[in-house]
2 protein chains.
Amino acid sequence: MNAFRLPVGPPSAERADAARNREHLLKVAREMISESGVRRLTMDALAERAQLGKGTVFRRFGSRAGIFAALLDDADRTFQQQVLYGPPPLGPGADVTARLVAYGRARIEFLLEHHAIERAALDRNQQVTIAAGGMSTTHIRMLLGQARREGLLHTADIDSLAMQLAAALEGPFVMYLAPEENATAGPARRAVALADSWESLVEQVLKVQ
Amino acid sequence: MNAFRLPVGPPSAERADAARNREHLLKVAREMISESGVRRLTMDALAERAQLGKGTVFRRFGSRAGIFAALLDDADRTFQQQVLYGPPPLGPGADVTARLVAYGRARIEFLLEHHAIERAALDRNQQVTIAAGGMSTTHIRMLLGQARREGLLHTADIDSLAMQLAAALEGPFVMYLAPEENATAGPARRAVALADSWESLVEQVLKVQ
DNA sequence: ACCCCAAACGGACTTCACCCCGGATAGTAT
DNA sequence: ATACTATCCGGGGTGAAGTCCGTTTGGGGT
């Protein structure tokens with residue numbers, strides 16, 4: 001044997017069976033959610049239906065909220081792809097203001113779409129990632145940085161502003177709309193109003209006027 | 001007996017013993033929290049320490065989150081008093097921009113102070129009131145209305161803007177900071193930065209420049 | 001092919017929020 | 001004072017999240 005070896009090279013990926021189980025659990029979770037909603041997805045039920053032990057479910061996702069977070073992760077990744085590499089104005093190519101506006105509109109649509117899961121991913125014992133390292137904060141900060149370089153913005157503390165704008169964008173959905181609720185006209189109408197309001201907020205911050 | 005009587009006049013207040021128990025429970029809850037933090041306030045422990053049945057605790061507050069909400073209510077009321085009737089710039093008398101800025105700063109301080117309880121008052125099965133009918137949204141909307149009357153603002157949809165500003169103000173605290181966490185310099189420093197950022201955000205929205 | 005052990009698995013166990021409902025009681029009408 | 005009833009109280013019961021730890025297994029090393 002080697003006299004000396006580093007314990008791990010790369011942070012060591014999941015074992016094959018673990019990865020398989022993760023996928024399987026996510027698939028079953030999606031099924032259960034579309035059949036009977038977020039509320040009825042219990043850890044016991046999920047484990048049983050997936051033919052796995054409950055311990056396994058927890059090992060894979062850490063908590064009930066973790067399952068929803070993992071589910072969102074998928075969708076998020078797709079969304080992020082559009083933002084980073086898709087066509088303008090959402091993707092690169094348009095001017096900063098247009099991109100910020102487009103991002104807000106797209107993000108609102110996304111949040112409306114995944115609202116139930118988004119809510120379920122909240123965890124009483126865990127800080128929420130939305131405002132912190134969340135996609136919105138990061139992307140908005142990036143755009144604000146660009147805006148400042150272009151002289152559209154003179155704010156010193158871009159980090160704080162990014163966080164506040166991200167909260168302004170996502171907050172109303174995460175904090176306001178009811179858990180599962182009738183997805184009738186109500187939320188959708190409000191979403192349009194919020195999107196318009198976001199647009200004018202962005203324009204004021206970037207002093208387009 | 002009277003031939004006919006309305007079932008209730010005023011929404012019928014709490015019975016004396018019930019009110020007494022509520023106060024007592026809140027007092028004990030405050031003690032327990034300051035002794036060992038929010039996490040260890042369980043319904044069983046509270047009931048036992050208060051020498052009351054668990055059922056009573058639930059009857060009085062509805063849920064665990066309800067206790068924290070009731071606790072916050074006190075503090076909120078005091079805060080609101082300052083905002084409505086206190087000295088300017090927080091209270092009435094100063095110009096709109098100054099009042100908005102002052103409100104934000106005061107609110108941030110308040111949130112920082114009551115952060116642990118604020119988080120604990122969140123309830124997985126209940127929509128959050130912060131953005132909805134919350135004090136911040138209401139007060140900000142009022143000030144925005146005044147600003148519009150004074151020609152400082154031309155936004156049509158004041159409701160949406162109020163919600164977004166409230167989210168920008170409170171979101172970072174409710175969503176971002178960790179549950180109980182070390183109340184060291186970290187959060188406080190961030191709070192100052194956010195307060196400054198709030199000020200410049202308000203000034204831009206009210207186009208003071 | 002075999003060894004080895006870190007990682008994964010399973011499911012009983014613990015803890016806790018919340019429900020239920022029979023029994024007690026405060027406040028009111030007589 | 002007495003009776004009446006809406007409200008309250010108590011604490012055992014239930015369902016679900018999360019923990020623990022003994023057992024099993026994937027897969028790199030030899």
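The sequence lines fix the lettering, A, B, ..., with proteins before strands; numbering per chain opens at 1. As the structure is a prediction and not an experimental result, all values here were calculated from the model.
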*Asks:* In whole angstroms, how far is the P atom of D:dC21 from the NZ atom of A:Lys54?
*Replies:*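 Rounded to the whole Å, the gap is 16 Å.
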*Asks:* Just grab all the salt bridge (Lys or Arg N to Asp or Glu O under 4.0 Å) pairs involving residues 158-169 of chain A, residues at least two apart or on different chains.
*Replies:*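 Matches after skipping sequence neighbours: A:Arg141-A:Asp159.
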*Asks:* For A:Ser160, enumerate each residue passing the side-chain contact (heavy atoms from CB on, under 4.5 Å) test, keeping only those at least two apart in sequence or located in another chain.
*Replies:* A:Asp157, B:Ala193, B:Leu194, B:Ser197
*Asks:* Measure the distance from CZ on A:Phe61 to C1' on D:dT19 and round it to the nearest whole Å.
*Replies:* 18 Å
*Asks:* Figure out the CD/P separation between B:Gln51 and D:dG10, and round it to whole Å.
*Replies:*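 That distance rounds to 10 Å.
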*Asks:* With distance as the sole criterion, do the side chain of A:Arg15 and the base of C:dA7 form a donor-acceptor contact below 3.5 Å?
*Replies:* yes
*Asks:* Does the side chain of B:Thr56 get closer than 4.0 angstrom to OP1 or OP2 of D:dG10 through an N or O atom?
*Replies:*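 So the side chain of B:Thr56 is within the cut-off, an N or O lying under 4.0 Å from OP1 or OP2 of D:dG10.
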*Asks:* Which whole-number value in Å describes the distance from A:Glu48 CD to D:dA16 C1'?
*Replies:* 14 Å
*Asks:* For A:Ala75 and A:His114, work out which heavy atoms get closest and say how close.
*Replies:* CB-NE2, 3.6 Å
*Asks:* In whole Å, I'd like the distance from the CG atom of A:Asp17 to the C1' atom of D:dT23.
*Replies:* 14 Å
*Asks:* Side chains of B:Asp76 and B:Phe110: closer than 4.5 Å at any heavy-atom pair?
*Replies:* yes
*Asks:* Consider the side chain of A:Asn21, meaning its heavy atoms from C-beta on, and name the nucleotide among C:dA17, C:dA8, D:dC8 that approaches it most closely.
*Replies:*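 Taking heavy atoms from C-beta onward, the closest nucleotide is C:dA8.
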*Asks:* Please state how far atom CD1 in B:Ile67 lies from atom C1' in C:dC18, giving the value in whole angstrom units.
*Replies:* 12 Å
*Asks:* Within the structure, does a side-chain N or O atom of A:Arg60 lie under 4.0 Å from either OP1 or OP2 of C:dC9?
*Replies:*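 Affirmative; the distance criterion is met.
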*Asks:* Could you check which of D:dA17, D:dG13, C:dA17 has an atom nearest any side-chain atom of B:Thr42?
*Replies:* C:dA17
*Asks:* Within the structure, does a side-chain N or O atom of A:Arg59 lie under 4.0 Å from either OP1 or OP2 of D:dT19?
*Replies:* no
*Asks:* In this structure, how many angstroms lie between the C1' atom of D:dC8 and the CD atom of B:Glu23, rounded?
*Replies:* 17 Å
*Asks:* Quick one: on DNA chain C, does B:Asp44 or A:Ala19 contact a more 5' nucleotide (nearest heavy atom)?
*Replies:* A:Ala19
*Asks:* Looking at side-chain heavy atoms only, is the closest gap between B:Val57 and B:Leu25 below 4.5 Å?
*Replies:*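 Yes, at least one pair of side-chain atoms sits under 4.5 Å.
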*Asks:* For B:Arg20 and for B:Met43, find the nucleotide of DNA chain C with the closest heavy atom, then tell me which residue's nucleotide is more 5'.
*Replies:*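 Between the two, 5'-proximity favours B:Met43.
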*Asks:* C:dC9 P sits how many Å from A:Leu25 CG, rounded?
*Replies:*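 Taking CG of A:Leu25 and P of C:dC9, I get 9 Å after rounding.
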*Asks:* Kindly point out which of D:dG18, C:dC18, C:dG27 is positioned nearest to the side chain of B:Phe58?
*Replies:* C:dC18
*Asks:* Can you tell me which nucleotide in C:dC18, C:dA8, C:dG10 comes closest to the side chain of A:Leu52?
*Replies:*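 So the nucleotide nearest the side chain must be C:dG10.
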